[in-house]
A.B. asks: 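Mind looking over this structure? Questions follow.
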Amino acid sequence: MARPRQHAPEALHAQVMAACDAWLQEHPAHMLSLRALAREVGCAPSTLLKLYGSFGNLLQHVNIETLARLRGEIEPLLADVAPEERLKALARAYWQFARQDAYRWQLLFDYPLAQEGELDQRQNEMIEGLFLRVEATLKEYQPALDDLEARRLSRTLWGSVHGLVQLGLNERLGHWQGEPLEVRELLDQLLSTILAGLRQPPGVA
C-alpha cells in the first residue's frame, strides 16, 4: 500500500485513498479539490497538507496505487503460456484496466509523475518492473535480441498499445461497415504483426 510520511497516521491515509478511489469511479481528478477531499474524510485541509506536503503529492500516492492495481492485473497473466499469447494477454489487460478505471488511468497519464524523492523512486521502480516483464517476454520469443534492442522494442510496443487504448477510450479509431473497430482486435493485430517481424533474427537477410 502506498505510504505517506512516516509520522502520518496510516488510518487517515487509508481513508484518503478510499475517498479518492470512490471519486475517480465517477469523476475525473481535475474536479477534485483538497478542500472537498478533506470534507469527505472529516478533517481540515491543513491536516492533509501536513500529511502529504501538497495536493500534488497526494495525487502521486493515488498514482502509486494505480500502478499497483495494474501490476495486480498483469501478474496472473505471466503464467507458463507462449510468449505471443502472453503479450496479447498483457495488452488486453491494459485495455480492460483503462476501460474499467478510466478516470484513475487518466490521472496516471495526465498528471505529471513525481520528479524527486521517495515518490519518484517508487513510481519508477513500479513502471520499470512492468517494462521488464515485457522485455523478458520479447527475449524469450526472440533470443537473438540483445538487452538494448529488447528495451527499445518494449517501449515502442507499449507506446503503440497505449496509443490504441487512448484512441479507443476517446472513440477515435473509426468504423467498418457501420460498426466501431474493436480495440481488442486491433491490439491482437498489432502484436501479431510486430512479433511476425521478430521471428527472423536481427541482421539476417
Side-chain angles (χ1 to χ4, degrees), residues 1-78 89-131 133 158-159 161-173 180 183-184:
M1 183 185 76
R3 300 183 303 276
R5 298 176 183 177
Q6 291 184 354
H7 62 270
E10 295 289 337
L12 179 57
H13 175 66
Q15 284 183 283
V16 171
M17 292 297 102
C20 288
D21 185 52
W23 177 272
L24 291 171
Q25 289 178 20
E26 303 291 338
H27 312 284
H30 72 263
M31 297 177 63
L32 179 63
S33 69
L34 184 70
R35 186 176 299 276
L37 187 56
R39 185 169 56 249
E40 184 68 25
V41 299
C43 70
S46 59
T47 301
L48 296 184
L49 288 176
K50 182 179 179 181
L51 180 62
Y52 295 101
S54 70
F55 186 50
N57 281 345
L58 187 157
L59 293 179
Q60 296 301 346
H61 282 282
V62 177
N63 279 339
I64 285 176
E65 286 211 339
T66 299
L67 289 169
R69 290 187 183 193
L70 180 58
R71 182 175 60 189
E73 295 289 330
I74 287 177
E75 291 291 349
L77 304 176
L78 302 176
L90 292 174
R92 294 168 192 156
Y94 189 65
W95 164 236
Q96 189 67 19
F97 182 87
R99 291 178 64 192
Q100 291 179 345
D101 290 285
Y103 291 131
R104 181 178 277 275
W105 183 87
Q106 183 182 41
L107 172 63
L108 185 62
F109 293 100
D110 287 355
Y111 193 84
L113 294 175
Q115 299 299 312
E116 60 184 13
E118 180 193 4
L119 285 172
D120 175 52
Q121 180 180 353
R122 292 172 65 194
Q123 287 176 346
N124 282 336
E125 287 175 353
M126 296 176 82
I127 293 171
E128 185 67 15
L130 295 173
F131 274 123
R133 286 161 172 77
W158 222 249
V161 169
H162 178 78
L164 286 175
V165 167
Q166 180 71 72
L167 291 171
L169 289 175
N170 294 333
E171 298 181 352
R172 293 293 188 271
L173 286 171
V183 175
R184 180 187 172 104

A.B. asks: Which heavy atom in Leu24 sits nearest to a heavy atom in Pro28, and how many Å separate them?
C.D. replies: CD2-C, 4.3 Å
A.B. asks: To the closest 0.5 Å, what do you measure between CH2 (Trp158) and CG (Leu90)?
C.D. replies: 5.0 Å
A.B. asks: Less than 4.5 Å apart, any side-chain heavy atom of His13 and any of Tyr52?
C.D. replies: yes
A.B. asks: Once rounded to the nearest 0.5 Å, what's the spacing between atom SG of Cys43 and atom NZ of Lys50?
C.D. replies: 12.0 Å
A.B. asks: Could you go step by step and tell me if Arg122 and His61 meet the side-chain contact (heavy atoms from CB on, under 4.5 Å) rule?
C.D. replies: CA-CA 10 Å; Arg122 292 172 65 194; His61 282 282; 4.3 Å; yes
A.B. asks: Please confirm whether the ring centroid of Trp105 lies under 6.0 Å from the ring centroid of His162.
C.D. replies: yes
A.B. asks: Going by salt bridge (charged side-chain N to carboxylate O under 4.0 Å, His left out), name the residues that satisfy it together with Glu26, two or more places apart in sequence or in a different chain.
C.D. replies: none
A.B. asks: So how far is it from His30 NE2 to Leu59 CG, rounded to the nearest 0.5 Å?
C.D. replies: 12.5 Å
A.B. asks: Would you indicate whether the side-chain heavy atoms of Thr47 and Leu12 approach each other to under 4.5 Å?
C.D. replies: yes
A.B. asks: Any side-chain heavy atom of Trp95 sitting closer than 4.5 Å to one from Val161?
C.D. replies: no
A.B. asks: Does any non-hydrogen side-chain atom of Ser33 lie less than 4.5 Å from one of Leu37?
C.D. replies: no
A.B. asks: Identify the heavy atoms of Val183 and Gly168 that sit nearest to each other, and give their distance.
C.D. replies: CG2-CA, 3.6 Å
A.B. asks: As a quick check of understanding, evaluate side chain to side chain donor-acceptor pair (under 3.5 Å) for Glu73 and Gln96, giving each step before the final call.
C.D. replies: CA-CA 9 Å; Glu73 295 289 330; Gln96 189 67 19; over 6 Å; no
A.B. asks: Mind checking the CG-CD spacing from Leu173 to Gln166? Nearest 0.5 Å is all I need.
C.D. replies: 10.5 Å
A.B. asks: Give, for atom CG of Leu108 and atom CD1 of Ile64, the distance between the pair rounded to the nearest 0.5 Å.
C.D. replies: 10.5 Å
A.B. asks: Work out which heavy atom in Leu67 is nearest to a heavy atom in Gln123; give both atom names and the distance.
C.D. replies: CD1-O, 4.1 Å
A.B. asks: Does Thr66 reach the main-chain N or O of Val62 with its side chain, forming a donor-acceptor pair under 3.5 Å?
C.D. replies: yes
A.B. asks: Let me see the working for Val165 and Phe97 under side-chain contact (heavy atoms from CB on, under 4.5 Å), right down to the final yes or no.
C.D. replies: CA-CA 10 Å; Val165 167; Phe97 182 87; over 6 Å; no
A.B. asks: Write down the atom of Leu107, the atom of Ala29, and the distance for their closest heavy-atom approach.
C.D. replies: CD1-CB, 3.7 Å
A.B. asks: Within the supplied structure, the quantity of interest is the number of heavy atoms (other residues, nucleotides, ligands) at a distance under 6.0 Å from Glu171 CD; does it exceed 12?
C.D. replies: no
A.B. asks: Does any part of the side chain of Asp21, heavy atoms only, come nearer than 4.5 Å to the side chain of Arg104, both counted from C-beta?
C.D. replies: yes
A.B. asks: Can you confirm whether more than 12 heavy atoms, excluding those of Glu40, are under 6.0 Å from its CD atom?
C.D. replies: no
A.B. asks: His27 versus Leu32: any side-chain heavy-atom pair under 4.5 Å?
C.D. replies: no
A.B. asks: Can you tell me how far apart CZ (Arg99) and CG (Leu169) are? Round to the nearest 0.5 Å.
C.D. replies: 8.5 Å
A.B. asks: Do you know the tightest heavy-atom contact between Ala44 and Ala38?
C.D. replies: C-CB, 3.8 Å
A.B. asks: Just wondering, more than 12 heavy atoms not from Arg92 lying within 6.0 Å of its CZ?
C.D. replies: yes
A.B. asks: Of the non-hydrogen atoms in Ile74 and Arg133, which two are nearest, and what is the gap between them?
C.D. replies: CG2-CD, 4.4 Å
A.B. asks: Mind checking whether Tyr103 and Trp23 have ring centres under 6.0 Å apart?
C.D. replies: no
